[in-house]
Amino acid sequence: KMYIAGRDTSDTYIVAQYSLSTPWSISTISLDKTDTLGIEPRYICFKPDGTKLYAFDPGTYKIYQYSLSTAWDIGTATSEGSFSITEDAYANAFFISDNGKYMIIAGNQNKKLYFYKLDTPWDISTATYTGYSVSRPQSILGVYISPFMLKVYDELLTPAGTGQLRQFMVSKVEWIKAEWIPKLSGWSFVRPIKITERSGNNLSDYQVLIELNSSNFDFSKAKSDGGDIRFLLPSGKSIPYWIESWDKSGQNAKVWVKIPSLLANSSEVIYMAYGNPSAGSESDISKAFLVGKDFDDGTTQGLVVSGGGFTIDNDAEKGYVLMTTDTTSANRGHWEEYFSTDTGIAVEGWLAWDTTNLSSGWIQFAIINSEGNGYGGSYDSEGDVIISKWSGYPSSVSRSNLASATAYVTHAWHKFRFIYKPDGYMRFEYLGVTVEATDTTYSGDWKLMVWSGVGNHKYEELRVRRYVDPEPTVSVGPEILL
């Protein structure tokens, strides 16, 4: 759809609604309908879901709000109220942010951008002026609020007197006085981070990986271990996160953040605060994931042992890790933290084979339902990477292989990932090998199980997270001085 506010052939102000038979191709445009909305609409904007329309009438100097009973159809508009502009005698444009909480009005009498807050999102009648404005040298023709920047369109007059549209981008650094960005007492910097859903699913408590590098983050402004970083919602509420890796000298980091809500095919903006030398780390794998075990506290973190034995080993490379101890029989255990697979899950972590025993046995993990049945990944003494099907845990366990591929024999630490989707599709990635299988025999809520043959096999940074395909994208915005 495309919409234009202006005058028709009879010089009447209208909003014209068009359809594009080929998306984004203006050459395929056709007129659907027009509507005056009962006013003289000069400038319009929509709520992102198309259920609300806002229009500026210069005759009354008000912005009117309409509810659309059919999304994006102006013919179904019903008036809901209005907002009177008093800060400038000649407004020319306005825009409401994509969360409905903020509004900018372009005033051309004073050539200023005026900043407003909506106490109730998307309710124009609750808008109040923040007292903050930004001056521009030319008349302002349009404004647009992106997650990271404010785009301003004004008119540049050439020596010949012809008008030329010009675009400026004003960093949100200039928005702080209007309180558009959450602040954290004691912190010096913040960056907006845009997260975009692409799978078509509504997501809740979804784990998103944020990758930092020299192109999107200045590591010199945070603590050497990243201990002062925090993640905030626009409301200022903190959200859980876990630092997977932080390399100040190499200027790269991986941080997982749990996003409370992300609607299908939409974007949300969160904020990363940093620059507080006295702050302690709040990185917590158990809070950021459905299940998260890093063993950093020197315990097995609630492991229920059903066979053999487990202990915590101070590994030379990884620090505290989970290690099996029985050298005569299998070692098995699980955590009593159930999770669902509404959209899919990913099990990730690190595995290391017993350095003293490479001749026999296996190291494996699985997701097990309340009946003791489920699926998982295995790695054996032949160097085989296997997707396994389990039943009868913990008493009379039976395991069968669904798919396998040969990698190589190693006792070094290597990272794995196991994907499970509700349709029974599975994928196990380990040692550069990918194995796929599909099975729908078992279902239900799951818990995480670990199992190995005799010897001292090791597990580290085990976690379970939600998974969709494709996963959300992440874009790190500019630094803002608080």
Side-chain angles (χ1 to χ4, degrees), residues 199 290-291 307 324 330-335 339-354 357-394 396-455 457-471:
S199 72
L290 300 174
V291 179
T324 59
N331 303 273
R332 58 186 184 271
H334 68 276
W335 287 275
F339 50 89
S340 64
T341 55
D342 298 336
T343 57
I345 57 102
V347 184
E348 297 170 314
W350 294 81
L351 304 175
W353 192 277
D354 185 351
N357 177 17
L358 292 176
S359 60
S360 64
W362 61 87
I363 182 171
Q364 49 202 359
F365 60 89
I367 54 171
I368 300 295
N369 62 20
S370 60
E371 298 173 346
N373 307 321
Y375 306 96
S378 304
Y379 173 67
D380 67 14
S381 60
E382 304 299 321
D384 294 327
V385 177
I386 306 164
I387 292 179
S388 302
K389 181 178 179 179
W390 296 76
S391 64
Y393 176 86
S396 54
V397 182
S398 174
R399 187 193 72 172
S400 60
N401 296 341
L402 296 176
S404 66
T406 301
Y408 54 91
V409 176
T410 177
H411 57 75
W413 283 104
H414 290 278
K415 194 174 183 179
F416 74 87
R417 182 169 75 157
F418 177 80
I419 303 295
Y420 176 84
K421 295 184 178 181
D423 62 2
Y425 170 80
M426 289 167 276
R427 185 170 73 247
F428 182 27
E429 302 165 3
Y430 189 55
L431 298 176
V433 170
T434 298
V435 183
E436 297 176 294
T438 300
D439 189 276
T440 57
T441 306
Y442 305 130
S443 61
D445 288 344
W446 309 93
K447 56 187 176 184
L448 182 63
M449 182 264 283
V450 289
W451 179 300
S452 78
V454 298
H457 305 291
K458 299 179 180 181
Y459 301 84
E460 169 64 336
E461 293 181 350
L462 299 176
R463 66 255 190 197
V464 181
R465 64 179 179 88
R466 302 193 188 281
Y467 176 82
V468 292
D469 185 18
E471 296 212 66

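Values reported hereafter were calculated over all heavy atoms of this structure, with side chains retained and with hydrogens, waters and symmetry mates removed.
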Practice task
Return the minimal non-hydrogen interatomic distance between Lys389 and Thr441, and the atom names on each side.
Solution key: NZ-OG1, 2.9 Å
Practice task
Would you mind reporting whether Trp390 and Tyr442 have side-chain heavy atoms less than 4.5 Å apart?
Solution key: no
Problem - is_close_aromatic(Tyr379, His414), centroid dist under 6.0 Å - result: no
Fill in the blank from the handout: dist Thr440:OG1 -> Tyr425:OH (nearest 0.5 Å) comes out at 15.5 Å
Problem - Atom of Thr324, atom of Ser452 and distance for their closest heavy-atom approach - result: CG2-OG, 3.1 Å
Handout entry: Donor-acceptor contact below 3.5 Å, side chain Asp384 vs main chain Ile386
Key = no
Exercise for the section: Please tell me if the side chains of Ser378 and Phe428 come closer than 4.5 Å, counting only heavy atoms from C-beta onward. Expected result: no
Problem - Side-chain touch Leu402/Tyr375, heavy atoms, less than 4.5 angstrom - result: yes
Practice task
Would you check if Tyr430 and Val435 make a side-chain contact, meaning some heavy-atom pair closer than 4.5 Å?
Solution key: no
Practice task
Search all heavy atoms of Ile367 against all heavy atoms of Trp446 and return the closest pair with its distance.
Solution key: O-CE3, 3.5 Å
Problem - Side chain Thr341, main chain Lys421, donor-acceptor under 3.5 Å - result: no
Practice task
Find out whether Thr434 and Arg427 are in side-chain contact, i.e. whether some heavy atom of one side chain is under 4.5 Å from a heavy atom of the other.
Solution key: yes
Exercise for the section: Search all heavy atoms of Pro470 against all heavy atoms of Ser199 and return the closest pair with its distance. Expected result: O-CB, 3.6 Å
Practice task
Search all heavy atoms of Asn373 against all heavy atoms of Gly392 and return the closest pair with its distance.
Solution key: OD1-N, 3.1 Å
Practice task
Flag this pair as yes if the NZ/CZ of Arg399 is under 6.0 angstrom from the six-membered ring centre of Trp451 and inside a 45 degree cone about the axis; otherwise no.
Solution key: no
Completion exercise
Heavy-atom closest pair (Ala405 atom, Val433 atom, distance to 0.1 Å) is CB-CG1, 3.5 Å
Practice task
Step by step, work out the side chain to side chain contact (heavy atoms under 4.5 Å, CB included) result for Arg466 and Leu290.
Solution key: CA-CA 8 Å; Arg466 302 193 188 281; Leu290 300 174; 3.6 Å; yes
Exercise for the section: Check step by step if side chain to side chain contact (heavy atoms under 4.5 Å, CB included) holds for Ile368 and His334. Expected result: CA-CA 9 Å; Ile368 300 295; His334 68 276; over 6 Å; no
Problem - Straight-line distance of Glu436 CD to Ile419 CD1, nearest 0.5 Å - result: 11.0 Å
Problem - Side chain proximity check, Asn331 to His457, heavy atoms < 4.5 angstrom - result: no
Practice task
Taking the side chain as every heavy atom from C-beta outward, state whether Leu462 and Val450 have any atom pair closer than 4.5 Å.
Solution key: yes
Quick one: side chains of residues 343-351, donor-acceptor pairs under 3.5 Å with protein atoms, not counting sequence neighbours, listed by atom name and distance.
unit_1, atom_1, unit_2, atom_2, d
Thr343, OG1, Tyr467, O, 3.4
Glu348, OE1, Arg465, NE, 3.0
Trp350, NE1, Glu461, OE1, 3.4

Exercise for the section: On the 0 to 90° scale, with breaks at 30° and 60°, tag the Phe416-Phe365 ring pair as parallel, tilted or perpendicular. Expected result: parallel
Handout entry: Contact check, side chains of Val409 and Trp353, non-hydrogen atoms, under 4.5 Å
Key = no
